[in-house]
Amino acid sequence: YVFDKRDDYWQTDEQYICERNMNNLDKLTAKVITDTSALAIELETGTIDFTTDISSNDWQLFLNDDGSAKSGFIKLEGQNNAFVHLTFNCSDASPCSDIKLRQAICHAIDAASCAYSVYGALGQVCNAATNPNLSDSSLDYGHDDYFTYDVEYAQELVDQSSYNGETIRILVLPNNTVSGCGALIQAYCRQIGVTVELLEYDMAQFRTVRTETTGTVYDIELLGATSADDTVYVSVKEIDNRTYGNGLGRHFVDDPELQQLYEDSGNAATTSPEVIQALLDRLEENCYMYGMYYCPKQIFGRDKIVGGTVVPFDDAIYPSFIVNN
């Protein structure tokens with residue numbers, strides 16, 4: 001799509017032209033590039049000057065080891081409500097019905113290493129069940145010792161659990177920021193004697209498998225939740241017992257108190273910091289979900305882009321940028 005600046009624009013009175021409607025571009029070309037690797041190459045070689053959709057697999061092309069932009073490029077950073085987490089199948093049909101096994105798996109995983117494996121130095125660790133950078137939460141809702149990496153303690157929990165060598169099946173969302181830590185999780189669980197099988201499908205099959213209602217197909221979901229809505233209520237929506245037709249949510253357990261807290265958190269008349277805190281506390285106490293890591297949104301351009309604004313939680317079309325004359 002090519003947009004050429006015209007010299008006969010009808011509004012010539014500058015008092016009615018806001019800053020966002022002023023420009024110094026004679027031509028703007030928007031290219032549709034659906035392959036993320038090809039997109040990165042186009043930016044690297046200068047065929048394009050700005051994009052919002054570089055895959056984390058290709059960030060190293062534009063970033064130094066400390067997370068700063070390499071010479072010739074700029075990096076804009078904005079908030080991102082996505083986060084990678086585990087949701088446990090707590091039904092009697094799964095070995096993960098044992099809370100000690102669930103807790104052992106959480107303590108066996110080095111979430112910081114998982115974050116680094118996917119996002120490099122930009123990855124950040126959750127300190128509660130969800131991304132702390134949401135409109136109704138913050139780091140204050142979590143704590144520093146949230147499922148800390150402790151292999152010795154994790155082994156003690158396994159030994160105290162009813163786990164008897166069963167294979168734990170993890171259904172993996174087919175997205176590289178999520179699946180990129182799958183093998184690490186498998187290795188961490190192996191350290192405490194827990195056997196893990198990764199169930200990896202294309203998106204169509206993944207959606208079919210994850211919406212089954214019996215609780216017999218997988219034991220854990222490895223997910224990366226994101227939404228245009230930046231609330232805790234939306235970020236933990238898989239616990240809602242009204243969504244999937246099984247009356248239990250994706251944790252496959254009937255917990256009326258959890259459900260009430262969930263509904264209250266999403267209702268403007270009942271939500272409050274106390275409700276949000278209670279919801280996150282209950283998710284942790286029962287180990288229904290384990291928030292692992294997240295990363296601020298990264299947007300890249302050539303250094304002719306001298307500044308910009310990243311609008312949180314909106315589609316990629318919203319970020320704006322400023323170009324050198």
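The model shown is predicted, which means the values in this text are computed figures rather than measured ones.
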Looking only at atom types and distance, does a side-chain atom of [X] sit under 3.5 Å from a main-chain N or O of [Y], one as donor and one as acceptor?
X    : Y    : result
E166 : Y163 : no
E212 : G215 : yes
T271 : S265 : yes
N286 : Y288 : no
N246 : G249 : yes
Q259 : N241 : yes
T47  : L43  : no
N64  : D66  : no
S97  : D92  : no

Worksheet item: Honestly, is R250 close enough over Y244, meaning NZ or CZ under 6.0 Å from the six-membered ring centre and within 45° of the axis?
Response: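 Judged by the rule, R250 and Y244 form a cation-pi pair.
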
Do [X] and [Y] make the cut of ring centroids closer than 6.0 angstrom?
X    : Y    : value
Y233 : Y262 : yes
Y149 : Y188 : yes
F73  : F300 : no
H107 : Y153 : yes

Do the side-chain N and O atoms of [X] and [Y] include a donor-acceptor pair separated by under 3.5 angstrom?
X    : Y    : result
T36  : S55  : no
N176 : S56  : yes
Y294 : Q124 : yes
D98  : S162 : yes
E263 : N267 : no
Q155 : D159 : yes

Fill in: Sequence-distant partners of T148, side-chain hydrogen bond (donor to acceptor under 3.5 Å, both in side chains), two or more places apart
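Counting only residues at least two positions away or on another chain, T148 forms no side-chain hydrogen bond (donor to acceptor under 3.5 Å, both in side chains).
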
Minimum heavy-atom separation for [X] to [Y], with atom names?
X    : Y    : value
N81  : D230 : ND2-CA, 4.0 Å
M289 : I239 : SD-CG2, 3.8 Å
Q277 : D140 : OE1-O, 4.1 Å
I109 : M292 : CG2-CE, 3.9 Å
C96  : I168 : SG-CG2, 4.2 Å
L222 : G182 : CD2-CA, 4.1 Å

Worksheet entry | Other residues, nucleotides, ligands: >12 heavy atoms within 6.0 Å of D65 CG |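 At most 12 heavy atoms, drawn from other residues, nucleotides or ligands, come within 6.0 Å of this atom.
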
Worksheet item: Is atom CG of D144 surrounded by more than 12 heavy atoms (other residues, nucleotides or ligands) closer than 6.0 Å?
Response: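 Result for CG/D144: open.
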
Would a 4.5 Å heavy-atom cut-off, applied to side chains only, mark [X] and [Y] as touching?
X    : Y    : answer
Q186 : L198 : yes
H251 : E238 : no
P273 : Y141 : yes
P174 : Y201 : no
N127 : P132 : yes
V209 : R207 : no
Y293 : Y119 : yes
L223 : V178 : no

Between [Y] and [X], does any NZ, NE, NH1 or NH2 come within less than 4.0 Å of an OD or OE carboxylate oxygen?
X    : Y    : result
K297 : E77  : no
R169 : D219 : yes
R242 : D240 : yes

Fill in: Other ILVMFWY residues reachable from Y9 by side-chain steps of under 4.5 Å
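For the cluster that includes Y9, the remaining residues are W10.
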
Fill in: From CD (E44) to CD1 (I54), nearest 0.5 Å
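The CD1 atom of I54 is 9.5 Å from CD of E44, to the nearest 0.5 Å.
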
Worksheet entry | Sole residue of V172, L171, L199, I105 in side-chain contact (heavy atoms from CB on, under 4.5 Å) with I220 |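 That would be I105.
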
Item to complete: Could you check whether the rings of H143 and Y146 sit parallel, tilted or perpendicular, using 30° and 60° as the cut-offs?
Response: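 H143 vs Y146 ring planes: perpendicular.
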
